[in-house]
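Just below is one structure, and these are the notes that go with it.
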Amino acid sequence: MTLTLILTRHAKSSWSDADLDDHSRPLNKRGRASAKAIGRWLADRGHAPGEVLCSDAARTRETWALIADRLVGVPQADYQSELYLADPETMLAKLRGASEDTVMLVAHNPGSAYMARRLAAEPHPHEKFHHYPTAATSVIEFDADNWADVNWGTGHVVDFVVPRELI
């Protein structure tokens, strides 16, 4: 059986309101355009999640909402405070509890970058894969029967994009 992870770092956030705490920062104009572009890219490539695990920060919630607007029949996101600035071990633990064959995880760096690199049996050749800039998105497949069986170094990166290539 093949399981698919769509791993997305949140889009570019705004720093315009100095009174907002980090958790509450929304996306800026470029971030909103990037999230929409990622949604179109996923739709065009036929990558649609059956389950969404998302940090509960404003910028990840907004990133998911704008991506979801471009997809058909997407589920409600499961917003989790534990995914806010999570390390890769926490992210993997959350993923291991997933139940659908295709799961999207929307989170932050450095956790997203580390997770993508650690899950991949071989790194994607794209020059931005290791850095994982805002709204970077990987599609990683696993030969596993359930998410509890997924381990580091067992994924195959079948797709990767950064919004700058789409806008």
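What you see is a predicted model, and the numbers here were worked out from it, not measured in a lab. Any value given below was found using the heavy atoms of this structure, including those in side chains, with hydrogens, waters and symmetry copies removed.
- Here the CG-CG distance, from Asp145 to Asp101, works out to 10.0 Å after rounding to the nearest 0.5 Å.
- Taking CE of Met91 as the reference point, atom CG of Leu119 lies at 8.5 Å (rounded to 0.5 Å).
- Residues Arg96 and Leu92 form a side-chain contact, since some pair of their non-hydrogen atoms from C-beta on lies under 4.5 Å apart.
- Side-chain contact annotation: Thr154 with Asn151, donor-acceptor N/O pair under 3.5 Å absent.
- Side-chain N/O atoms of Asp56 and His23 include a donor and acceptor closer than 3.5 Å.
- The closest side-chain heavy-atom distance from Trp64 to Pro49 is below 4.5 Å.
- Using a 4.5 Å cut-off on side-chain heavy atoms (C-beta onward), Ile38 and Val161 make contact.
- The shortest side-chain heavy-atom distance between Thr134 and Ser34 does not fall under the 4.5 Å cut-off.
- The closest donor-acceptor contact from the side chain of Thr60 to the backbone of Ser55 lies under 3.5 Å.
- For the residue pair Tyr132 and Ser138, a side-chain donor N or O sits within less than 3.5 Å of a side-chain acceptor on the partner.
- With no hydrogens or angles considered, no side-chain donor-acceptor pair links Arg59 and Asn28 at under 3.5 Å.
- Smallest separation of non-hydrogen atoms from Val52 and Pro75: CG2-CG, 4.0 Å.
- The closest side-chain heavy-atom distance from Asp143 to His156 is not below 4.5 Å.
- Grouping the Ile, Leu, Val, Met, Phe, Trp and Tyr side chains by contacts below 4.5 angstrom, directly or via other members, places Val150 apart from Ile6.
- Placement of Val72 and Met104 in two distinct hydrophobic clusters is found when ILVMFWY residues are connected by side-chain heavy-atom separations under 4.5 Å, directly or transitively.
- Counted by atom type alone, Asp78 and Gln76 present zero donor-acceptor pairs between their side chains at under 3.5 Å.
- Although no hydrogens or angles enter the test, the distance criterion places no donor-acceptor pair under 3.5 Å between the side chain of Thr8 and the main chain of Thr137.
- Leu3 is connected to Val103 through a chain of hydrophobic side-chain contacts under 4.5 Å among Ile, Leu, Val, Met, Phe, Trp and Tyr, so both are in one cluster.
- Within the 4.5 Å cutoff, the side chain of Glu51 has no heavy atoms near those of the Thr102 side chain.
- Using a 4.5 Å heavy-atom cutoff, the side chains of Thr4 and Val158 are not in contact.
- For the atom pair OG of Ser16 and NZ of Lys29, the computed distance is 13.5 Å after rounding to the nearest 0.5 Å.
- The shortest side-chain heavy-atom distance between Leu27 and Lys12 does not fall under the 4.5 Å cut-off.
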Yes or no on salt bridge (Lys or Arg N to Asp or Glu O under 4.0 Å) for Asp159 and Arg45, after CA distance, side-chain angles and deciding distance?
CA-CA 9 Å; Asp159 231 337; Arg45 294 191 177 288; 3.3 Å; yes
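- Atom OH of Tyr79 has more than 12 heavy atoms from other residues, nucleotides or ligands within 6.0 Å.
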Report the C-alpha distance between Lys36 and Asp69 in whole Å, list the side-chain angles of each, state the deciding distance to 0.1 Å, and finish with yes or no for side chain to side chain contact (heavy atoms under 4.5 Å, CB included).
CA-CA 8 Å; Lys36 291 173 187 177; Asp69 281 348; over 6 Å; no
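- Under the 4.5 Å side-chain heavy-atom criterion for Ile, Leu, Val, Met, Phe, Trp and Tyr, Val106 and Leu42 are members of the same hydrophobic cluster.
- In plain terms, the two heavy atoms of Gly31 and Ala11 that are nearest each other are O-CB, 3.2 Å.
- Rounding to the nearest 0.5 angstrom, the gap separating the OG atom in Ser14 from the CZ atom in Arg32 is 8.0 Å.
- Below 30°, between 30° and 60°, or above 60°: for Tyr84 and His108 the angle between ring planes is above 60°, a perpendicular geometry.
- Under the 4.5 Å side-chain heavy-atom criterion for ILVMFWY residues, no single connected hydrophobic cluster contains both Leu53 and Val74.
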Please assess Glu165 against Lys128 for the test side chain to side chain contact (heavy atoms under 4.5 Å, CB included), listing each intermediate value before the final yes or no.
CA-CA 11 Å; Glu165 297 169 352; Lys128 300 283 186 181; 5.8 Å; no
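- Of all non-hydrogen atoms in Pro26 and Leu20, the two that sit nearest each other are CD-CD1, 3.7 Å.
- A distance of 14.0 Å separates CZ of Arg9 from CG of Leu105, quoted to the nearest 0.5 Å.
- For the atom pair CD1 (Ile140) and NE2 (His124), the distance works out to 10.0 Å, reported to the nearest 0.5 Å.
- Ionic pairing of Arg118 and Glu89 is present here: one or more N-O contacts between side-chain nitrogen and carboxylate oxygen are shorter than 4.0 angstrom.
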side-chain hydrogen bond (donor to acceptor under 3.5 Å, both in side chains) evaluation trace for Arg25 with Ser13:
CA-CA 6 Å; Arg25 286 189 295 113; Ser13 59; 2.3 Å; yes
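- Taking the six-membered ring for Trp and thresholds of 30 and 60 degrees, Phe142 and Trp147 have ring planes more than 60 degrees apart, a perpendicular arrangement.
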